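First the structure, in the form of structure tokens, and then the observations on it.
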Amino acid sequence: MRITGHHMMATHAKNVAAAQEDVARLADQISSGRAVRRASDDPVAWAQARRDELRATLSRGRGDGLALANDQLAETERALTTIGNAVAEGRALAIQAANDSYGPIQRAMLATHVNGLFELALSAANTQDASGAYLLAGSLSATAPFDATGAYVGDASVRDVETSEGARGAASLAGTSLTAASGIDVLPALRALATALAANDRPNISLAIAALTDGNEQVSAARAEIGAMASVVREADLGRGALEDRLAARISDMVDVDVVAAATELAQGSHVLEAAQLVGAKLTALLSPRR
Amino acid sequence: MSSLLSLLGLGAAGLSAQHAGVAVASNNAANVNSPGYSRQRLDLRAEIGPPTLGGVRTGRPERWHDELLSRRERESDAGRAQAQAFAPAMLDLEARLDGGGPPLDRRLATLWAGLERVAAMPSDSLVRAAAIAAAADLAAGFRERAEAVAAARAEADTRIRDQATAVTTAAAELAELNRQHAISPDPVIADRRDQAGRKLAELVGGTGRIDSDGHVHWTLPDGAVLVDGTRSARLEATPDPVTGWHQLTVVDGSSRRDVTTSLTGGSLAGELAFRDGDGAAAAGALDQLAVDVATAWNNVHRAHAGTDGVSGRDLFVPPTATAGAAANFAVDPGVAADPTRLATATPGAGPGDNAGALAMLGLRDQRVAGGGTQTLGDAAIDIVGRVGRRGAEAKAEVDRTTLISDHLGDLRAALSGVDIDEELSNLAQFQHGAEAMTRFIATVDGLLSDLLQRL
């Protein structure tokens with residue numbers, strides 16, 4: 001085939017441009033750390049990476065929800081601990097007061113103490129979270145769940161949260177766990193003890209011991225339930241973290257550049273470009289018209 | 001004596017022929033870098049007759065040219081120009097859909113992340129407000145992307161309008177060169193005519209052929225004639241009364257022919273494929289996704305209640321039609337203004353109930369998009385993915401057509417290209433020939449002078 005000098009120079013120019021394009025592409029990949037930056041770079045890898053990124057973002061959102069739920073469960077646990085301690089102390093005082101050696105004046109003093117325990121337990125049962133919602137009210141979270149007599153005015157609703165993709169777990173306790181629906185009305189039982197002590201009513205003081213024993217076990221059971229929920233939430237958060245790590249690794253495999261391989265290719269491309277530029281100088285000298 | 005005088009004429013003709021050879025070689029060398037120039041060769045013909053009546057005659061310089069190769073080049077130019085118009089439009093659309101702020105799939109994920117927090121603390125007004133803000137951000141994302149796609153198509157439409165004008169000009173130029181070539185079949189005019197043909201092919205594709213009258217005749221794929229000898233038609237771009245997009249019509253006198261959907265080559269075909277094909281598909285996919293998001297979300301939202309206990313409200317303004325749904329996507333103004341209206345609870349339950357929030361979270365995994373085949377997140381990713389895939393195919397097509405064009409260009413250069421060394425060699429050859437004829441004339445002149453002196 002006939003090759004003209006003009007054709008040789010034009011072909012050389014195209015080859016230099018192609019070499020420059022290769023070097024620019026590799027430099028861009030290395031400096032950005034990404035081999036696949038756009039869908040058009042590698043449609044399949046890009047789409048899979050994006051789906052994984054979507055899952056990772058959803059997982060992080062789930063983590064925020066789990067963190068909030070964990071805070072609420074911790075707050076609920078503290079409230080139940082306060083209530084449990086008050087019930088246990090009330091029971092101990094009832095046992096003391098049931099003794100024949102106690103007279104009306106001592107029992108009246110104990111009544112004041114037990115009233116204080118009742119107010120403490122009532123306040124704990126009406127604990128609110130950071131947004132002002134009552135934790136033990138079920139779904140009626142805008143209203144204090146226990147009234148001044150210790151009666152429950154909330155509902156039995158329990159809130160679920162997402163624990164993992166497609167899975168949910170309970171993350172709240174309704175105040176019904178402290179009512180006859182779960183055994184006895186715990187707060188009214190404490191109040192009944194205070195009333196019996198104030199009235200020097202020994203039979204009812206004895207009855208209060210049994211009620212508060214049941215109440216103590218009921219509060220312990222509620223604490224165990226909260227503990228189990230908190231454990232599920234913590235496990236879910238650990239699993240979420242592991243999922244996000246796996247997704248990050250997968251995304252990196254699909255779209256991040258292999259720096260070593262790219263750097264090697266860049267070195268090769270740079271040599272090709274330098275050689276092409278040298279060839280250009282040779283061609284220019286070769287094709288200059290001779291005298 | 002008459003023979004000697006004839007020899008002088010023979011010498012003069014020979015010298016003129018060598019000078020013509022020098023001129024052709026010089027002209028070739030001068031045009032070594034002229035685009036589209038085909039090297040010329042001198043048509044030298046030995047005259048018949050006895051030696052004293054023979055000699056050489058020169059004809060018009062001829063082009064080194066292959067019409068079949070030229071036709072292949074024009075076809076290749078049309079394909080390459082089409083790919084080179086389509087590919088950047090697709091890549092630009094991909095950048096617009098995936099850039100300019102978080103893409104739609106990320107905004108959907110942010111909304112769901114906000115609802116996770118609402119599910120944990122349904123009566124917290126700040127958390128509710130943040131979720132509504134995320135919904136508003138999603139709506140803004142739809143509007144921005146719809147605007148971006150519309151802008152990309154509008155820009156393609158402007159290019160179509162401008163290129164239609166360029167086609168009319170190129171067709172007129174080709175017709176004028178046909179006229180000039182008929183008057184004087186100069187090789188340079190023929191080269192210019194070839195270039196005009198390539199320009200027309202790059203713009204609008206079609207087929208050019210040289211008729212028996214020597215004129216180039218240009219037709220489009222459906223038979224519409226752009227150039228017929230010395231006459232050319234106009235390519236008019238007229239806005240469609242319904243869509244507003246420019247439609248292309250070949251106008252020749254009273255004859256009008258719509259060619260908008262029949263072009264298969266040239267940059268116009270590439271722009272039309274983008275504007276009416278993939279660009280339109282992207283706009284349609286965005287609108288459909290907007291409808292799917294609004295419908296699915298509103299169905300759940302209506303079935304649940306806000307903290308005020310009221311149910312039956314929409315979260316997003318229901319689209320009135322699929323077309324334009326993305327451009328008009330918005331959060332319900334009542335919900336946007338009052339976070340208590342975000343329907344997170346079961347009707348009849350208290351504000352601490354989160355069944356509605358959980359139901360909206362459940363939309364993540366439901367196949368409510370793509371006619372029930374995709375989740376909302378996957379559908380959002382797929383809009384960009386499809387454009388990216390087509391962009392990748394377009395890039396590969398540019399590479400393929402450029403390779404073919406380059407190969408044909410190499411063949412053309414081998415046949416018609418000027419080689420300086422070759423022309424210098426020809427120059428030397430004709431220079432020697434001219435020197436020889438000068439000596440010949442001087443010799444014959446000497447013989448004549450000698451004869452006249454002796455008479």
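Below, chains carry the letters A, B, ... as their sequence lines are ordered, and counting in each starts from 1. Source: prediction; values computed, not measured.
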Requested in this report: Dump the intermediate steps for side chain to side chain contact (heavy atoms under 4.5 Å, CB included) on A:H6 and B:V418, then the final yes or no.
Outcome: CA-CA 7 Å; A:H6 184 268; B:V418 173; over 6 Å; no
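- The choice from B:A109, B:A349, B:A113 that makes the most heavy-atom pairs within less than 4.5 Å of chain A is B:A109.
- Ranked by heavy-atom pairs under 4.5 Å with chain A, the first of B:G385, B:P351, B:S123 is B:P351.
- The nearest pair of heavy atoms linking B:A413 to A:H7 is CB-CD2, 4.1 Å.
- Counting heavy atoms from C-beta outward, A:R50 and B:D98 have side chains that approach closer than 4.5 Å.
- In terms of heavy-atom pairs under 4.5 angstrom with chain A, the leader among B:R386, B:R390, B:K395 is B:K395.
- Comparing A:Q72, A:R55, A:R60 by heavy-atom pairs within less than 4.5 Å of chain B, the highest count is held by A:Q72.
- In this structure, the portions of B:D105 lying under 4.5 Å from any heavy atom of chain A include both its backbone and its side chain.
- The local environment of CZ in B:R72 is sparse, with at most 12 non-hydrogen atoms from other residues, nucleotides or ligands closer than 6.0 Å.
- In this structure, chain B has no heavy atom under 4.5 Å from any part of A:D71.
- The part of B:R364 that comes within reach of chain A is its side chain, from C-beta onward, which places non-hydrogen atoms under 4.5 angstrom from that chain.
- Heavy atoms closer than 4.5 Å to chain B are found nowhere in A:A171, neither backbone nor side chain.
- Nearest heavy-atom pair across B:A392 and A:S40 is CB-O, 3.3 Å.
- In plain terms, the two heavy atoms of A:L54 and B:I381 that are nearest each other are CD2-CD1, 4.3 Å.
- For A:E53, the part lying near chain B is the side chain, with the backbone staying farther off; criterion is any non-hydrogen pair under 4.5 Å.
- When each of B:D406, B:T307, B:L415 is checked for heavy-atom pairs under 4.5 Å with chain A, B:D406 comes out on top.
- Remark: A:R2 CZ is packed, more than 12 non-hydrogen atoms of other residues, nucleotides or ligands lying under 6.0 Å away.
- For A:E21, the CD atom is loosely surrounded, since the number of other residues' heavy atoms within 6.0 Å does not exceed 12.
- For the set B:P103, B:G99, B:G409, the count of heavy-atom pairs under 4.5 angstrom toward chain A peaks at B:P103.
- Taking every heavy atom of both residues into account, B:A414 and A:M1 meet most closely at CB-CG, 3.6 Å.
- Here A:S139 is the residue among A:S139, A:A69, A:G65, A:G5 with the most heavy-atom pairs under 4.5 Å with chain B.
- Taken from CG in B:D365 to CD in A:E165, the straight-line distance is 7.5 Å, to the nearest 0.5 Å.
- No side-chain heavy atom of A:T57 sits under 4.5 Å from any side-chain heavy atom of B:W112.
- Residue contact with chain A, scored on non-hydrogen atoms closer than 4.5 Å, is absent for B:R128.
- Between the side chain of B:D378 and the main chain of A:R51, no donor-acceptor pair closer than 3.5 Å is present.
- If you measure heavy-atom distances from A:R168 to chain B, the contacts under 4.5 Å come from the side chain alone.
- With rounding to the nearest 0.5 Å, the separation of CE in B:M121 from CG in A:D129 is 4.0 Å.
- Within the 4.5 angstrom heavy-atom criterion, no atom of B:D382 approaches chain A.
- Counting only heavy atoms from C-beta outward, the side chains of A:S131 and B:V127 never approach each other to under 4.5 Å.
- The CG atom of B:N354 sits 8.0 Å away from atom OG of A:S157, with the distance rounded to the nearest 0.5 Å.
- Highest contact tally toward chain B, considering only A:D160, A:T11, A:V161, is held by A:D160 [criterion: heavy-atom pairs under 4.5 Å].
- Of the residues considered (B:E393, B:R389, B:M90), B:R389 shows the highest number of contacts with chain A, using heavy-atom pairs under 4.5 Å.
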Query - From CA spacing to verdict: side chain to side chain contact (heavy atoms under 4.5 Å, CB included), A:D64, B:E116 - result: CA-CA 7 Å; A:D64 289 348; B:E116 291 275 11; 5.8 Å; no
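- Proximity of a side-chain donor or acceptor of A:T4 to a complementary backbone N or O of B:D419 within less than 3.5 Å is not detected.
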